[in-house]
Amino acid sequence: MDKLIIIDGNSIANRAFYALPLLSNSSGLHTNAVYGFTTMLLKLIEEEKPTHFLVAFDAGKITFRHKEYGDYKGGRAKTPPELSEQFPLIKELLKAFNIQQFELSGYEADDIIGTLTKAADAKGERVLLVSGDKDMLQLASDNVTVAITRKGISEVELYDPPAIMEKYGLTPQQIIDLKGLMGDTSDNIPGIPGVGEKTALKMLHEFGTVEAVLANADSLKGKMKEKVEEHAKSALMSKDLATIFREVPMETEWSTFRYDGFDGTALSSMFRKLEFKSLLEKMDFGSAPLTEEEQAAIESLEAVTVNAGNVQQLIDRLDNHAAIHVEAIGDNPHHAEMVGVVWFMDEDGTNTSYYVPMAVLASDAGQPLRAWLSDASKKKQLFDVHRALLALAWQDIPLAGVDFDVLLAAYLLDPTDSNLTLSGLSAKYGLPGVKADEEVFGKGAKFRLPEEAALSEHLGRKAMAMARMVPVLRVELEKSEMHRLFYELELPLASVLAEMELRGISVDAEGLKALGVELAVQLDTIMASIYKLAGVEFNINSPKQLGDILFEKLGLPAYKKTKTGYSTDAEVLERLAPYNEVVGQILNYRQLAKLQSTYVEGLLKEVRSETGKVHTYYRQTIAATGRLSSQFPNLQNIPIRLEEGRKIRKVFVPSEPGWYILAADYSQIELRVLAHISQDEKLKEAFLQNMDIHTKTAMDVFGVEASAVDSNMRRQAKAVNFGIVYGISDYGLSQNLDITRREAAQFIEQYFAVFQGVRKYMDDIVKDARANGYVTTLLQRRRYLPEITASNFNIRSFAERTAMNTPIQGTAADIIKLAMVQMAERLKQEGLRSRMLLQVHDELVFEVPEEELETMKRLVPEVMAAALELDVPLRADVDYGQTWYDAK
DNA sequence: ATCGTCACG
DNA sequence: ACGTACGTGACGATC
């Protein structure tokens, strides 16, 4: 039996747009609505197996309804541009799907659909109508089932006449009467004011139609009677407006909508264009050939695999210059599995790549190649030098002479790009033909290296793409004035980081284990006590089970909810603590369990048994602000705020007997940066006089002398200063200080009244961001903020706070990176044995031999303070001790 | 894979 | 009216 699926195109596109985050592909095209639309089409095709298919769209600006009723749809917000730009893509997508689309000027999609379902009814054909709009229920019949999306677009609810009867007690026809009575604000259909769904349903259950309700208005009571009588005309007009027009003059010939399946080539090409990687994989187009156009755009390449027999061919071609790619498998470069190295020489235009498997590179035959890699006079361009340095170092192959990094350059050009891969960047810069690693290797459990020829081809394509991108990226860096940031800071930093990470930091594993035993004992005791107080054993680590116990069994008040249930975070538990003793125990348990799982067990897993060291991996191309991040293990979030956790720092020790751990941290670097870029006189003055900034802020905001600032005032001032750096909002500050929004707003107003330069900076930076589309740091690091013009208040506000925060946080990141490069330089220059080990955003950690202590105590803060000259002084405080804990 | 929670600056 | 403080990573639970 035939089955026609009709999609209400505008409605589904809207639903998809608001249900999904604002995705965009590498060329900046928004694709979330297209993506949602696509997944819906795929699901319908698979599950419903339609024989006929069409999508109806609204067309033309003025429909006959506007002529009858000027205000029709007057209340509806304009379609945001982020959505309108996706309609052409959806239409292109439908072509690739081979699905008919219908639009008729002067009519809405509803009318087209109404006319078609009427025709289907007449012929007795089955129809599934998909929409996000409940109005469509009026079209349901024995033949027509209506599917209404719910919760985004992934799920639909099916309505046939019995289902509508069950849910509303109405026939499909009466859905029109329902809307006539209650109206619809989104379409600006008035209905009867004061009548909502409940009242409207009651009336219809009693009288049946709008007309009958009006005729029987007398039998209604009091106010309702008045309202119905007064708005009788409006009700009738509303019913009329809500009635879908089913007589559109159009072709309703069934065979026009025949659906014979999609064209794999066109669809896979479309998915590639949209960069729907997950769909491409899931669909397994596999051998779906590229379109001629795509094929023509791909350069030819001869991918040579090097072995002992032909290695001389590569050695003969080695020159002073090449793009190379180091392929190593695994997230952690400290124990990545080396696949091999690929060379691509650009000069002679032969388009030949040379893939050298690791075994060949490590063999005697590979010796000249290893020598070339280690020769600083041989200039090479890479993708992710930092990772390559580490992976090669663990194979005892030094790498030198790197003069460009495609990854690092692309990161600087857009630090928020979420697809910084050779495949993604190739697509972004118009070089098709580089497959995604996932596509070639598979992922997760399915990961395996392909056969040699395919591997050689894939790696060769990566190297060639790099070679092509290098000159383009060099120009782009120049154009956006980030070439100095790149060549003088980020590229040298990559080597400094690699050196620190390879050195590693020693961990007292025995001490850590002892701490673990202590924690285990305490956790056991607390657990038993919690079970006793709760009267039942449960998994305390499960927020779901914990929520059930606290809010159902013990009946405590629930302050806030999460998407999936009750919130049980520390903020909630602290409020609940007075009600029941168990809550405090749970907080205590959480704190210790975190220490045990993350900092004892987690850290122990990362300690290398041969050396007793951990080797973190700083990621240089992740954070949108230019900060580093740290992984495997994360050494940037070792506890310090609470004493119990702070003890973890005792296990970080020097790697040589008699040495010390020395740590230096910037004092108030972000507020000093703010003073400099805002040129606020008061703020500058505070730092020029080296005052306690939070006390100073309290004095100015509360208008009192230093002696009158109590600890509570200082605490509040401190929160305001944090808020300022984060891009302040009254709501955020009120949450933080647990005060009302009005009070928070007053604080902020008082702050700005004093620090007028800061206010001006905040205003100007948002204006700048809107005008340029991006903000920059002092060293010209850039962050694009496309959402600064969003129509959605929340999205736009977020972008505005980001515009305020990024130059501050980013400039602080610039400064400490400068200090690191300069510090590495000085250690070398002055022949010091001290070593830089860690960076924690505003802090540098070293291990220092005793005889260098005095030198380092002086040198480190000096270099840090002088890293960049601002209009206020920078200051770094230093301390040292036997462990990181003691260097406080 | 995603969520809730919590560690840091 | 709208409802989030900025930037990260790791863990256990759950689907």
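Below, chain A is the first sequence line, B the second, and so on; all start at residue 1. Everything quoted here is computed from the prediction, not taken from an experiment.
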Show which side-chain atoms of residues 777-785 of chain A pair as donor or acceptor with protein atoms under 3.5 Å away, not counting sequence neighbours.
unit_1, atom_1, unit_2, atom_2, d
A/Thr777, OG1, A/Leu779, N, 3.3
A/Thr777, OG1, A/Arg781, N, 3.1
A/Thr777, OG1, A/Asp814, OD2, 2.6
A/Arg781, NE, A/Asp814, OD1, 2.8
A/Arg781, NH1, A/Glu490, OE2, 3.0
A/Arg781, NH2, A/Glu490, OE2, 2.7
A/Arg781, NH2, A/Asp814, OD1, 2.9
A/Arg782, NH1, A/Tyr784, OH, 3.0
A/Arg782, NH2, A/Tyr774, OH, 3.3
A/Arg783, NH1, A/Thr806, OG1, 3.0

For [X] and [N], give me the distance from atom [atom1] to atom [atom2], rounded to whole Å.
X        : N     : atom1 : atom2 : value
A/Leu838 : C/dT8 : CG    : C1'   : 16 Å
A/Gln809 : C/dA5 : CD    : P     : 15 Å
A/Asp842 : C/dG7 : CG    : C1'   : 13 Å
A/Tyr731 : C/dA1 : OH    : P     : 16 Å

How would you list all residue pairs meeting salt bridge (Lys or Arg N to Asp or Glu O under 4.0 Å) that involve residues 614-640 of chain A, not counting sequence neighbours?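 Of all non-adjacent pairs touching residues 614-640 of chain A, those that pass salt bridge (Lys or Arg N to Asp or Glu O under 4.0 Å) are A/Arg627-A/Glu670.
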What pairs with [X] under salt bridge (charged side-chain N to carboxylate O under 4.0 Å, His left out), at least two apart in sequence or on another chain?
X        : result
A/Lys647 : A/Glu643
A/Asp384 : none
A/Lys760 : A/Asp764
A/Asp569 : A/Lys560

Between protein and nucleic acid, restricted to nucleotides 11-15 of chain C and to nitrogen or oxygen atoms under 3.5 Å apart, what atom pairs and distances do you find?
unit_1, atom_1, unit_2, atom_2, d
C/dA13, OP1, A/Asn539, OD1, 3.4
C/dA13, OP1, A/Asn539, ND2, 2.6
C/dA13, O3', A/Ser542, OG, 3.3
C/dT14, OP1, A/Ser542, OG, 2.5

Write down the distance separating the [atom1] atoms in [N] and [M], rounded off to the nearest Å.
N     : M     : atom1 : result
B/dC3 : C/dT4 : P     : 15 Å
B/dC6 : C/dA1 : C1'   : 32 Å
B/dG4 : C/dA5 : P     : 13 Å

Is it true that, when you exclude A/Asp331 itself, more than 12 heavy atoms of the residues, nucleotides or ligands shown sit nearer than 6.0 Å to its CG?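 Count not over threshold, so no.
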Got a sec: does the NZ of A/Lys718 have more than 12 other heavy atoms crowding it under 6.0 Å?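 Open.
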Please assess A/Gln809 against A/Thr625 for the test side-chain hydrogen bond (donor to acceptor under 3.5 Å, both in side chains), listing each intermediate value before the final yes or no. CA-CA 6 Å; A/Gln809 191 182 120; A/Thr625 54; 2.8 Å; yes
What dot-bracket string describes DNA chain C from 5' to 3', counting Watson-Crick and G-U wobble pairs whose defining distances are under 3.5 Å, with [ ] for crossing pairs and | for pairs to another strand? .....|||||||||.
Give a yes or no on whether a salt bridge exists between A/Glu749 and A/Arg759, defined as a side-chain N under 4.0 angstrom from a carboxylate O.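 Looking at A/Glu749 and A/Arg759, the cut-off is met.
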Reckon [X] touches a base, only the sugar-phosphate, or nothing at all at heavy-atom distances under 4.0 Å?
X        : answer
A/Ser567 : sugar-phosphate
A/Thr568 : sugar-phosphate
A/Asn736 : base
A/Ala570 : sugar-phosphate
A/Ala813 : nothing
A/Arg641 : base
A/Ile622 : sugar-phosphate
A/Val840 : sugar-phosphate

Of the listed nucleotides C/dA5, C/dT4, C/dC6, the one nearest the side chain of A/Ala719: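 Nearest nucleotide to the side chain: C/dA5.
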Tell me which residues in residues 625-640 of chain A lie within less than 4.0 Å of DNA chain B, going by non-hydrogen atoms.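 Hits under 4.0 Å, by residue number: A/Arg627, A/Gln636, A/Asn637, A/Ile638, A/Pro639, A/Ile640.
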Range on DNA chain B touched by chain A, heavy atoms, distance below 4.0 Å: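 The protein-touched segment is B/dC3 to B/dG9.
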Under 3.5 Å, which donor-acceptor pairs do the side chains of residues 720-737 of chain A form with other protein atoms, sequence neighbours left out?
unit_1, atom_1, unit_2, atom_2, d
A/Asn721, ND2, A/His694, ND1, 3.0
A/Asn721, ND2, A/Thr697, OG1, 3.0
A/Ser729, OG, A/Gly732, N, 3.0
A/Ser734, OG, A/Asp730, O, 3.4
A/Ser734, OG, A/Tyr731, O, 2.6

Using ring centroids (six-membered ring only for Trp), state whether A/His386 and A/Tyr617 fall under 6.0 Å.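 Yes - the distance between ring centres of A/Tyr617 and A/His386 falls below the 6.0 Å cut-off.
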Go through the structure and list residues passing side chain to side chain contact (heavy atoms under 4.5 Å, CB included) with A/Thr789, not counting sequence neighbours.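 Here the qualifying residues are A/Arg770.
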